[in-house]
Amino acid sequence: MISQITVFHAVLAYLAVLNIIASVVTLTDKIRAIRGKRRISEKTLILLALLGGSLFEFITMILIRHKTQHSKFIIGLPLIILLQIIFLFLIYCKFITA
């Protein structure tokens with residue numbers, strides 16, 4: 001049987017990897033924008049956030065000033081982050097404190 005802590009750590013590892021990927025993709029889109037090259041779609045950036053990469057994507061976006069004029073990113077990403085924190089808390093409660 002899989003231990004409860006192992007499940008929680010697996011979720012954290014998944015989120016860590018996805019956050020790094022989301023950050024790199026956001027930075028890549030910014031570089032492509034500066035160079036006038038083909039861009040990464042907003043749908044892809046939102047999908048990465050929904051899949052769990054929202055925190056680093058939002059931090060990267062603020063640090064490099066990318067997509068900061070778009071309400072779907074300025075409002076949407078923090079909302080996604082909040083929902084993901086609630087989700088993590090529920091997983092923690094189910095698997096760690098049960």
Spacing of CD1 belonging to Ile75 relative to CG belonging to Leu79, to within rounding of 0.5 Å: 7.5 Å

Euclidean distance, Leu48 CG relative to Ile80 CD1, rounded to 0.5 Å: 10.5 Å

Sequence-distant partners of Ile34, side chain to side chain contact (heavy atoms under 4.5 Å, CB included), two or more places apart: Lys30

Ile20 reachable from Leu88 in the ILVMFWY side-chain graph, under 4.5 Å edges: yes

Closest heavy-atom pair and its distance - Ala49, Gln84: O-NE2, 2.8 Å

Throw together a table of side-chain donor-acceptor distances under 3.5 angstrom for residues 62-71, partners on residues two or more places apart or in other chains.
from: His66; atom 1: NE2; to: Asp29; atom 2: OD2; distance (Å): 2.6
from: Lys67; atom 1: NZ; to: Glu42; atom 2: OE2; distance (Å): 3.3
from: His70; atom 1: ND1; to: Glu42; atom 2: OE2; distance (Å): 3.4

Short side-chain to backbone donor-acceptor contact, Thr44 and Ile40, under 3.5 Å: no

Over all atoms of both residues, closest heavy-atom pair of Asn19 and Ser54: OD1-N, 3.9 Å

Single-linkage hydrophobic cluster Leu83~Tyr92, side-chain heavy atoms < 4.5 angstrom: no

Residue pair Glu57, Ser23: steps toward the side chain to side chain contact (heavy atoms under 4.5 Å, CB included) verdict: CA-CA 5 Å; Glu57 186 174 327; Ser23 182; over 6 Å; no

Check: Leu77 and Leu55 side chains under 4.5 Å, non-hydrogen atoms: no

hydrophobic_cluster_shared for Ile81 and Leu45, side chain cutoff 4.5 Å: yes

Least distance between heavy atoms, Gly53 atom then Ala22 atom: O-CB, 3.4 Å

CD1-CG distance between Ile46 and Leu51, expressed to the nearest 0.5 angstrom: 11.5 Å

Residue pair Phe58 / Thr26, side-chain heavy-atom distance below 4.5 Å: no

Single-linkage hydrophobic cluster Val11~Tyr14, side-chain heavy atoms < 4.5 angstrom: yes

Single-linkage hydrophobic cluster Leu50~Val17, side-chain heavy atoms < 4.5 angstrom: yes

Side chain to side chain contact (heavy atoms under 4.5 Å, CB included) between Met61 and Ile74, worked out: CA-CA 9 Å; Met61 182 185 74; Ile74 290 298; 3.7 Å; yes

Intermediate values then yes/no, side chain to side chain contact (heavy atoms under 4.5 Å, CB included), Ile91 and Phe87: CA-CA 6 Å; Ile91 289 176; Phe87 177 70; 3.1 Å; yes

CG on Leu15 to CZ on Phe56, rounded to 0.5 Å: 10.5 Å

